[in-house]
Novice: 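Pasting a structure below so you can have a look.
Each chain gets a letter, A, B and so on, in the order its sequence line appears, and its residues count up from 1. On a predicted model such as this, the values are computed, not experimentally measured, just so you know.
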Number of protein chains: 2
Amino acid sequence: MADPSRKTDVFQAIADPTRRQLLSMLGEREMPVTVISGHFPMSRTAVSKHLRILADAGLVKERKVGRETRYRLEPEPLLELKRWLAYYERYWDNKLLALQRFVEGDETDGAIALVASNEDGACTAE
Amino acid sequence: MADPSRKTDVFQAIADPTRRQLLSMLGEREMPVTVISGHFPMSRTAVSKHLRILADAGLVKERKVGRETRYRLEPEPLLELKRWLAYYERYWDNKLLALQRFVEGDETDGAIALVASNEDGACTAE
DNA sequence: ATTATATGAAACCAAAAGGTTTCATGTCAA
DNA sequence: TTGACATGAAACCTTTTGGTTTCATATAAT
């Protein structure tokens, strides 16, 4: 994980469609749980658990206001995703890919990585 | 899903760290299952199942060569992820965020979405 | 022809995920 | 103070996930 203070992996957190919906909903304004859960076909408690997972990943911030807890998007952890994705941008340029294959020639063995990557498959700046 | 021919959601596919590692490994060159699985602390069959999930998401392509099946990265579905992420770029600009909050003023109710989004929380071009 | 290699399918299993209902607690309103 | 509202924690259940081992099949090599 990029930030060990995050209990939940960002990739894991955004894997669930309900949680992605939550993120888009909480981007514009902070909202209390009851209002949020009104938009979902599941119990308030279920939504609350999804919010906890998002909070554990640092994707959402809670703020107590009176008897309600308001949640708001915290986009910073998405930068990890952006960095991960940036690594693959190089494959979207077909010319670069063709060049790489040409340079490789017929070799089929010896897995020499052209770009360093950690055990998580992420490309980090360290 | 962006492409209904994909059996597995891209977000789901990349949620697992093993599968992310597989993608980074298969980017440089195509490899047969036995070689691939040599890099993982699990059975060949387990790796094979991960590869199937990646293939179902369109993230990997298989090619039969003699008695072996070689896999290679297919980066195209990552564009869906890129589009999803692009939506949140707007939140990374703090000035824009500050302006938005200023415009909103003290309003706390009435969930008016400033930007359209589908049920999946994605921002699509339609 | 026989044997070894490469692979996926099947059956199985434990743990995690996603949901429910119920309960306890804290805060606001009358 | 009493009652309603907002919320999270707990216990529980079902399905999915990630792994295993075993078996069947296709290709290659001797």
Novice: State whether A:Y71 places a side-chain N or O below 4.0 Å from either non-bridging phosphate oxygen (OP1 or OP2) of D:dA6.
Specialist: no
Novice: Does C:dT25 have OP1 or OP2 under 4.0 Å away from a side-chain N or O of A:R67?
Specialist: no
Novice: At less than 4.0 Å, is any side-chain N or O atom of B:T45 found next to OP1 or OP2 of D:dT20? Yes or no.
Specialist: no
Novice: State which of C:dT7, D:dA6, D:dA9 makes the closest approach to the side chain of A:T34.
Specialist: D:dA6
Novice: Taking the side chain of A:D16 as its heavy atoms from C-beta onward, which of C:dG18, D:dA6, D:dG18 lies nearest to it?
Specialist: C:dG18
Novice: Assign A:S43 to base, sugar-phosphate, or nothing according to its heavy-atom contacts below 4.0 angstrom with the strands shown.
Specialist: base
Novice: Among side-chain atoms of B:Y91 and A:E28, is any donor-acceptor pair under 3.5 angstrom?
Specialist: yes
Novice: Kindly confirm or rule out a cation-pi arrangement of B:R20 over A:F11, judged by NZ or CZ under 6.0 Å from the six-membered ring centre and within 45° of its axis?
Specialist: yes
Novice: Whether B:H50 contacts D:dG19 is assessed here as follows: a side-chain N or O lying under 4.0 Å from the phosphate OP1 or OP2. Is that the case?
Specialist: yes
Novice: Closest approach to the side chain of A:R52, judged atom by atom: which nucleotide of D:dA9, D:dG19, C:dG8 is it?
Specialist: D:dA9
Novice: Using the side-chain heavy atoms of A:T69, tell me which of these nucleotides is nearest: C:dT20, D:dA6, D:dT7.
Specialist: D:dT7
Novice: Assign each of A:E68 and A:A46 to its nearest nucleotide of DNA chain C by heavy atoms, then name whichever residue's nucleotide is nearer the 5' end.
Specialist: A:A46
Novice: Between C:dG18, D:dG19, C:dG8, which nucleotide has the shortest distance from any of its atoms to the side chain of B:S48?
Specialist: C:dG8
